[in-house]
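What follows is a single structure, written as structure tokens, with notes after it.
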Amino acid sequence: MPELPEVEVTRRGFADRIAGARIESVRIGKPLRWALMVVPQALVGRRVREVRRRGKYLLIDLDRGLLLLHLGMSGSLRFDIHLPEPGVHDHFDLVTDLGTLRLNDPRRFGAVVYVDDEEAPWALKLLGGLGMEPLGDAFDLDAFHAGLKKRRTAIKQVLLAGDVVVGVGNIYASEALFMAGIRPTLSATRISKPRAAKLHAAVREILARAVEKGGSTLRDFSNVDGQNGYFQLEATVYGRAGEPCRVCGTPIRQLKQGQRSTYYCPHCQKS
DNA sequence: ACGGGAGCCTGGAAGC
DNA sequence: TGCTTCCAGGCTCCCG
């Protein structure tokens with residue numbers, strides 16, 4: 001489901017529309033990843049200030065406290081004045097005077113957690129270990145290279161881990177490594193400064209482009225208006241095992257790293 | 001402290 | 001057609 005671009009596109013789709021809204025009721029469906037850390041009734045009457053994003057988390061600031069929202073593997077949000085009756089996979093409705101925010105998540109790897117502030121234990125636990133934001137000025141090349149130097153694991157898994165840089169999911173990790181010409185299995189600590197610079201630029205470019213295009217790389221991603229993503233971005237390597245590399249024609253290879261599929265071109269990507 | 005693997009859920013596609 | 005197996009965009013937790 002969603003990697004950083006999809007989460008950011010989701011955020012942009014309702015942030016301005018929900019700002020200033022008064023919460024009128026909360027409906028809970030099946031349990032998500034963790035219990036909602038608040039009695040739903042306690043949210044009634046509070047107002048939404050703004051919606052921010054940190055990594056793949058959405059932070060809904062209220063006039064008191066905030067909601068941390070994660071879409072997991074299969075989550076999506078909708079926001080509208082009128083929504084149909086909740087279905088079996090609609091597990092959270094935040095009903096406000098400006099519209100209802102609804103989380104649909106078939107696999108229920110997503111989460112909705114309430115905390116008093118960002119220093120609360122749950123906030124620290126969920127957000128505390130996150131790495132640099134890849135979009136914006138805080139994504140510093142020297143810090144990125146230094147972060148990679150400390151890790152002996154394969155670079156693909158370091159990207160996914162999110163403690164050096166956040167937001168790069170399984171699709172964009174393969175794509176960024178292809179763009180940077182780096183073999184996914186290469187130990188992160190062995191990446192030179194020039195190659196780290198290439199990867200740094202690739203991560204930025206891939207994610208920024210995906211945000212611009214509306215996060216439509218994923219086949220079942222739908223935005224907050226319920227519109228389905230149609231492929232505007234074509235994957236260069238992801239999901240293309242056996243097909244010719246778009247640059248050199250060599251068949252794309254697939255392997256497993258930490259139970260996740262990785263795709264790469266054995267000719268274009270060097271160890 | 002790090003790295004590897006199991007586990008959390010459900011639905012769709014592929015295989016027999 | 002029906003059953004079984006595999007696979008999926010994320011992340012935590014437990015173990016060595």
Side-chain angles (χ1 to χ4, degrees), chain A residues 1-10 29-35 53-58 68-77 87-92 103-113 121-131 147-177 184-190 203 206-207 210-211 213-223 228-242 254-263:
Chain A
M1 189 240 8
E3 300 189 27
L4 183 147
E6 290 72 30
V7 177
E8 177 60 18
V9 166
T10 296
K30 287 191 191 172
L32 294 165
R33 179 124 205 196
W34 300 288
R53 180 189 55 74
R54 177 75 178 100
K56 294 168 193 162
Y57 285 90
L58 289 172
L68 307 180
L69 227 132
H70 198 289
L71 302 180
M73 285 278 258
S74 57
S76 62
L77 288 178
V88 280
H89 299 310
D90 294 326
H91 304 305
F92 179 76
L103 173 64
N104 178 279
D105 185 5
R107 291 176 73 181
R108 292 190 283 130
F109 290 171
V112 179
V113 173
W122 271 96
L124 291 176
K125 174 178 170 166
L126 298 179
L127 308 175
L130 297 184
L148 298 187
K149 277 277 158 215
K150 288 185 207 148
R151 306 293 301 276
R152 262 171 279 187
T153 334
I155 179 60
K156 158 80 180 325
Q157 298 189 251
V158 172
L159 287 178
L160 279 189
D163 46 4
V164 176
V165 59
V166 293
V168 184
N170 203 41
I171 293 179
Y172 297 123
S174 282
E175 296 296 310
L177 286 167
T185 47
L186 179 62
S187 171
T189 194
R190 294 182 53 206
V203 165
I206 296 253
L207 296 180
V211 170
K213 292 283 186 180
S216 52
T217 310
L218 312 182
R219 54 202 92 221
D220 57 4
F221 171 69
S222 63
N223 65 19
N228 214 291
Y230 38 93
F231 292 92
Q232 293 196 53
L233 285 177
E234 210 172 33
T236 53
V237 287
Y238 185 83
R240 299 191 61 242
Q254 174 178 12
L255 52 82
K256 288 275 184 200
Q257 293 178 284
Q259 309 146 263
R260 315 293 301 278
S261 285
T262 301
Y263 301 84

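Letters A, B, ... are given to chains in the order of the sequence lines, protein chains preceding strands, and every chain is numbered from 1. No hydrogens, no waters, no symmetry mates; every other heavy atom, side chains included, goes into these values.
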Self-check item: Nearest-nucleotide 5' precedence on DNA chain B, Lys150(A) against Gln259(A)
Solution: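 On the 5' side of the pair lies Lys150(A).
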Exercise. Measure distances between side-chain N and O atoms of Arg107(A) and base N and O atoms of dA8(C), and say whether any donor-acceptor pair falls under 3.5 Å.
Key: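 Donor-acceptor pair under 3.5 Å: yes.
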Exercise. Using the P atom as the reference point in each nucleotide, state the distance between dC9(B) and dC14(C) in Å, no decimals.
Key: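 The answer is 15 Å between these two P atoms.
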Quiz item: Considering only the P atoms, how many Å lie between dC6(C) and dA6(B), rounded to the nearest integer?
Solution: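 Nearest-Å result for dC6(C) against dA6(B) at atom P: 14 Å.
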Kindly give the atom pairs (protein nitrogen or oxygen, nucleotide nitrogen or oxygen) under 3.5 Å for nucleotides 13-16 of chain C.
{"unit_1": "dC13(C)", "atom_1": "OP1", "unit_2": "Lys125(A)", "atom_2": "NZ", "d": "3.0"}

Please name the pair of heavy atoms, one in [X] and one in [Y], separated by the smallest distance, quoted to 0.1 Å.
X         : Y         : value
Ala176(A) : Val203(A) : CB-CG2, 4.0 Å
Asn170(A) : Glu3(A)   : N-OE2, 3.4 Å
Tyr263(A) : Gln254(A) : OH-NE2, 3.2 Å

Practice problem: Provide the start and end nucleotides, 5' to 3', of the part of DNA chain B that has atoms under 4.0 Å from heavy atoms of chain A. | Solution: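 With heavy atoms of chain A under 4.0 Å away, the range is dG3(B) to dG11(B).
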Exercise. For dG10(C), take OP1 and OP2 only and decide whether either is under 4.0 Å from a side-chain N or O of Arg33(A).
Key: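 Negative; the distance criterion is not met.
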Quiz item: Below 4.0 angstrom from OP1 or OP2 of dC11(C), is there any side-chain N or O of His70(A)?
Solution: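 Result: yes.
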Quiz item: Considering only side-chain heavy atoms of Tyr57(A), which listed nucleotide, dC11(C), dG10(C), dA8(C), is closest?
Solution: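 Of all the options, the side chain of Tyr57(A) is nearest to dC11(C).
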Self-check item: For DNA chain C, stems built from three or more consecutive Watson-Crick or G-U wobble pairs below 3.5 Å
Solution: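 Looking at DNA chain C, the stems formed by three or more consecutive pairs are B:2-8 with C:10-16, B:10-16 with C:2-8.
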Any [X] side-chain heavy atom under 4.5 Å of [Y] side chain:
X         : Y         : answer
Leu126(A) : Trp34(A)  : yes
Tyr172(A) : Leu4(A)   : no
Arg151(A) : Asp163(A) : yes
Val7(A)   : Leu58(A)  : yes

Roughly how many Å is it from [atom1] in [X] to [atom2] in [N], rounded to a whole number?
X         : N       : atom1 : atom2 : value
Leu71(A)  : dG10(C) : CG    : C1'   : 10 Å
Gln254(A) : dC6(C)  : CD    : C1'   : 12 Å
Lys156(A) : dG10(C) : NZ    : C1'   : 12 Å
Gln157(A) : dG10(C) : CD    : C1'   : 14 Å
Phe109(A) : dT12(C) : CZ    : P     : 13 Å
Leu68(A)  : dT12(C) : CG    : P     : 12 Å
Arg108(A) : dG10(C) : CZ    : C1'   : 16 Å

Quiz item: Who pairs with Gln257(A) by side chain to side chain contact (heavy atoms under 4.5 Å, CB included), at least two apart in sequence or on another chain?
Solution: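 Only Ala154(A), Lys156(A), Gln157(A), Pro184(A), Thr185(A), Leu255(A), Thr262(A) meet the side chain to side chain contact (heavy atoms under 4.5 Å, CB included) criterion with Gln257(A).
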Exercise. Tell me, please, which residues at least two apart from Arg108(A) pass side-chain hydrogen bond (donor to acceptor under 3.5 Å, both in side chains).
Key: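 With sequence neighbours excluded, Arg108(A) shows a side-chain hydrogen bond (donor to acceptor under 3.5 Å, both in side chains) to no residue whatsoever.
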Self-check item: Partners passing side-chain hydrogen bond (donor to acceptor under 3.5 Å, both in side chains) against Arg53(A) (at least two apart in sequence or in another chain)
Solution: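 side-chain hydrogen bond (donor to acceptor under 3.5 Å, both in side chains) list for Arg53(A), sorted by chain: Glu8(A), Glu133(A).
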Quiz prompt | Side chain His91(A), main chain Lys30(A), donor-acceptor under 3.5 Å | solution =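 At least one qualifying donor-acceptor pair exists.
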Quiz item: With a non-hydrogen cut-off below 4.0 angstrom, is Arg152(A) in contact with a base, only sugar-phosphate, or nothing?
Solution: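 Sugar-phosphate, no base atom in range.
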Exercise. Before giving the answer on side-chain hydrogen bond (donor to acceptor under 3.5 Å, both in side chains), spell out for Ser261(A) and Lys256(A) the whole-Å C-alpha distance, their side-chain angles and the decisive distance to 0.1 Å.
Key: CA-CA 5 Å; Ser261(A) 285; Lys256(A) 288 275 184 200; 3.3 Å; yes
